[in-house]
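This report refers to the structure that appears directly beneath it.
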Amino acid sequence: MDKPSLPSGTRDFSPEVMMRRKHVIGIVEETFKQFGFLPLETPALENLKTLQGKYGDEGDQLLFKILNNSDFLAKADEKILRQRDSKALTPQISDRGLRYDLTVPLARFVVMNRDKIHFPFKRYQIQPVWRADRPQKGRYREFWQCDADILGSQNISNEADLLQIYDNAFAKLGLKVNIRFNHRGILDVFEPWLQGAANHNRFMQLIDKADKIGFDGVLNEINKEAIPNGAEAWTLLDKINRMGSAEEKLNALQHAASIQHETLQKGMLEIKQLLTLLNQLPVTNTRTLDVTLSRGLSYYTGMVMEVVPADDRIPADFRIGSIGGGGRYDNLTGVFGLKDVTGVGISFGLDRIYDLMDAAGIFPTASLQSTAVLFCCMDEPALPAAFAMARNLRDAGIATEVYPGAAKLKKQLDYANNKGIKWACILGEQEISDGTVSVKNLISGDQNICPQSQILQHISQ
RNA sequence: GCGGAUAUAGCUCAGUUGGUUAGAGCACCAGUUUGUGGCACUGGGGGUCGCCGGUUCGAACCCGGUUAUUCGCCCCA
């Protein structure tokens with residue numbers, strides 16, 4: 001018999017871990033609801049056609065594919081089969097795959113249900129996604145995303161809401177973060193200068209690594225890849241970024257842009273509108289305009305945002321990437337045939353947030369408790385009385401257990417102690433004949449005898 | 001897809017230049033206490049040293065292969 005094991009990059013979540021994960025999910029979900037988002041769930045499986053071609057070549061490689069049922073090889077092309085050409089064979093033996101993110105399923109859903117949806121459409125989705133990536137620290141093959149998106153409204157107040165959601169949720173979680181934002185319009189200025197979209201995309205990919213490898217690291221990469229004017233563009237962006245306030249950065253940008261670039265003006269206008277909405281409101285975390293933020297290669301077309309940890313309780317060597325990100329994408333549903341639906345959304349990386357809070361040791365201990373009262377019976381005849389009292393306590397909203405059967409008292413109290421149960425209610429021959437119950441507070445060690453009818457009042461004190 | 005590290009009890013790990021019966025802590029079970037947990041003490045169960053092969057009188061230890069895990073790179077949450 002082989003030892004049981006898990007597929008790499010997947011994990012079991014023990015009851016202790018799940019209590020904490022639920023704590024995080026609960027706060028994120030509650031925040032989404034407070035801003036008027038409603039839940040959506042989609043299947044783990046999607047048709048491969050829905051998923052493929054949405055995430056670039058690399059993304060397609062990382063899709064988990066599912067073999068067709070029935071005799072899938074019988075239908076495969078004889079020639080391709082003999083050539084052992086996996087890439088050509090895949091479409092013949094696999095029609096379905098596991099979802100890679102929550103945004104593409106959302107787009108599919110909106111297109112399929114366009115007749116039922118009223119725009120602006122605000123939905124949140126908290127579900128696992130799968131990527132056949134190489135696992136490493138903070139990176140899993142099965143992980144959870146918590147997405148909130150608004151479709152069909154281009155007003156910048158949506159972005160303002162999403163930035164508030166980030167701030168509110170992390171404030172409630174008790175994790176200090178920095179919320180960075182930028183506008184793709186600012187970066188698009190450089191496209192002609194960098195001589196083409198390919199260079200520009202690569203440029204954005206490289207500057208996105210600044211957090212990790214620093215200014216010089218990015219500069220080296222740009223020089224190594226010989227991106228035309230890349231070094232100059234990067235130096236300029238970095239210089240602007242070092243200025244203090246968002247307003248100063250915007251002013252510097254205005255002066256630096258020698259031509260009246262349309263997307264730059266749009267980007268700067270939207271950032272100003274955003275600041276007008278947000279600057280009057282209280283904020284718990286830091287929120288910075290970072291003109292070097294690009295969010296890689298994805299489909300973003302307007303505002304982009306990203307959350308990075310900024311909590312000094314996190315050990316210095318515990319480095320992990322961003323824990324949330326999002327932005328505006330025009331024409332998200334275009335690939336599925338529905339044009340001109342703009343969307344803006346954010347995502348919380350649940351697993352990384354969990355890892356960070358765990359490393360920083362900031363999970364509240366209360367999130368571990370479940371049962372409040374345990375009934376311990378000395379003998380079987382005491383069980384009916386325990387069941388009756390347990391029922392009353394549960395009706396009063398108190399989580400209550402009756403220990404199964406009449407085990408040794410030591411064993412029953414051990415159980416209560418390990419589970420962090422506060423009250424042990426002991427029932428033996430004496431208590432049953434007196435109509436009483438011995439109530440022990442397992443935190444203080446105090447023990448009293450009270451009438452069975454008074455049990456609720458006794459433990460409510 | 002590429003590179004490094006690791007693999008010994010349920011978990012975290014020791015294990016001397018290769019030498020008799022492979023250890024510790026935690027966890028578990030039992031007892032000290034026939035109805036009282038946490039603390040303490042005593043005892044107990046639990047291992048084909050990842051797997052396959054090689055070197056050797058002798059391998060947990062050395063060599064080769066393999067599988068898995070893990071940390072980086074690419075990319076991403």
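Since the model is a prediction, treat every value here as computed from it, not as a measurement. Letters A, B, ... mirror the listed sequences (proteins, then strands); counts begin at 1.
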Can you run down the salt bridge (charged side-chain N to carboxylate O under 4.0 Å, His left out) pairs that involve residues 32-46 of chain A, sequence neighbours left out, and say none if there aren't any?
A/E46-A/R108

What pairs meet the salt bridge (charged side-chain N to carboxylate O under 4.0 Å, His left out) rule with one or both residues in residues 423-444 of chain A, with sequence neighbours excluded?
none

Going by side chain to side chain donor-acceptor pair (under 3.5 Å), name the residues that satisfy it together with A/R391, two or more places apart in sequence or in a different chain.
A/D395

Within the 4.0 Å heavy-atom criterion, would you say A/G324 contacts the bases, only the backbone, or no part of the nucleic acid?
sugar-phosphate

When you compare B/C49 with B/A9, how far apart are their C1' atoms, in angstrom units rounded to a whole number?
10 Å

How far does the P atom of B/A40 sit from the matching atom of B/G4, given to the nearest Å?
46 Å

Just wondering, do A/F32 and A/C146 contact through their side chains at under 4.5 Å, heavy atoms?
yes

Nearest whole angstrom, please: distance from the C1' of B/G1 to the CG of A/L63.
16 Å

Six-ring centre of A/F13, A/R21 cation under 6.0 angstrom, axis tolerance 45°:
yes

Taking only nitrogen or oxygen atoms into account, show me every contact under 3.5 Å that the protein makes with nucleotides 28-30 of chain B, one pair per line with its distance.
residue, atom, partner, partner atom, Å
B/C29, OP1, A/K411, NZ, 3.4

Residues in side chain to side chain donor-acceptor pair (under 3.5 Å) with A/T400, at least two apart?
none

C1'-based separation of B/G46 from B/C51 [nearest Å]
22 Å

Go through the structure and list residues passing side chain to side chain donor-acceptor pair (under 3.5 Å) with A/D188, not counting sequence neighbours.
none

Using atom CD of A/Q136 as one end and atom C1' of B/C73 as the other, report the distance to the nearest whole Å.
8 Å

With sequence neighbours left out, the residues meeting salt bridge (charged side-chain N to carboxylate O under 4.0 Å, His left out) with A/K411 are none

If I pick the P atom on B/G44 and the same atom on B/G25, what distance separates them, to the nearest angstrom?
13 Å

Any luck finding a side-chain donor-acceptor pair between A/D149 and A/Y124 under 3.5 Å?
no

In terms of side-chain heavy atoms of A/R134, which of B/G38, B/C75, B/C73 is nearest?
B/C73

What stems show up for RNA chain B when you take Watson-Crick pairs (N1-N3 plus N6-O4 or O6-N4) and G-U wobbles (N1-O2, O6-N3), both under 3.5 Å, and require three or more consecutive pairs?
B:1-7 with B:67-73, B:10-13 with B:23-26, B:28-32 with B:40-44, B:50-54 with B:62-66

Is A/S322 touching bases, backbone alone, or none of the nucleic acid, heavy atoms closer than 4.0 Å?
sugar-phosphate

Nearest-Å distance, NZ (A/K209) to P (B/A77)?
15 Å

Can you see whether A/T371 engages A/E401 through a side-chain donor-acceptor pair at a distance of less than 3.5 angstrom?
yes

Can you tell me the distance, in whole Å, between the CG atom of A/D133 and the P atom of B/C2?
14 Å

Nearest whole Å is fine: how far is B/G38 C1' from A/D446 CG?
14 Å

What integer distance in Å separates A/I207:CD1 from B/C75:P?
13 Å

With rounding to the closest Å, how many angstrom separate the P atoms on B/U6 and B/G50?
13 Å

Mind checking salt bridge (charged side-chain N to carboxylate O under 4.0 Å, His left out) for A/R96 and listing every partner two or more places apart, or none if nothing turns up?
none

Under the 6.0 Å and 45° cation-pi test, does A/R328 pair with A/Y300?
no

Parallel, tilted or perpendicular: which one describes the rings of A/Y415 and A/Y403, with boundaries at 30° and 60°?
perpendicular

Which pairs of donor and acceptor atoms, one on a side chain in residues 445-458 of chain A, lie under 3.5 Å apart (sequence neighbours left out)?
residue, atom, partner, partner atom, Å
A/D446, OD2, A/S444, OG, 3.3
A/Q452, NE2, A/T436, O, 3.0

Check nucleotides 34-36 of chain B for protein N or O atoms closer than 3.5 Å to its own N or O atoms and list the pairs.
residue, atom, partner, partner atom, Å
B/G35, O6, A/E431, OE1, 3.2
B/G35, N1, A/E431, OE1, 3.0
B/G35, N1, A/E431, OE2, 3.0
B/G35, N2, A/E431, OE2, 2.9
B/U36, O2, A/K440, NZ, 2.9
B/U36, O2, A/Q447, OE1, 3.1
B/U36, N3, A/Q447, OE1, 2.7
B/U36, N3, A/Q447, NE2, 3.0
B/U36, O4, A/Q447, NE2, 2.6

Contact residues, residues 139-149 of chain A to RNA chain B [heavy atom, < 4.0 Å]
A/R139, A/Y140, A/F143, A/Q145

Would you mind reading off the distance between A/D355 atom CG and B/C76 atom P, rounded to a whole angstrom?
20 Å

Taking CG from A/L62 and P from B/C2, how many angstroms apart are they, rounded to a whole number?
14 Å

Taking atom types as modelled, is there a side-chain donor on A/Q136 or A/R134 under 3.5 Å from an acceptor on the other?
no

C1'-based separation of B/G19 from B/C61 [nearest Å]
11 Å

Considering only atom P, compute the distance from B/C2 to B/U48 and round it to an integer number of Å.
34 Å

Using the P atom as the point on both nucleotides, what is the distance between B/A22 and B/G45, in whole Å?
14 Å

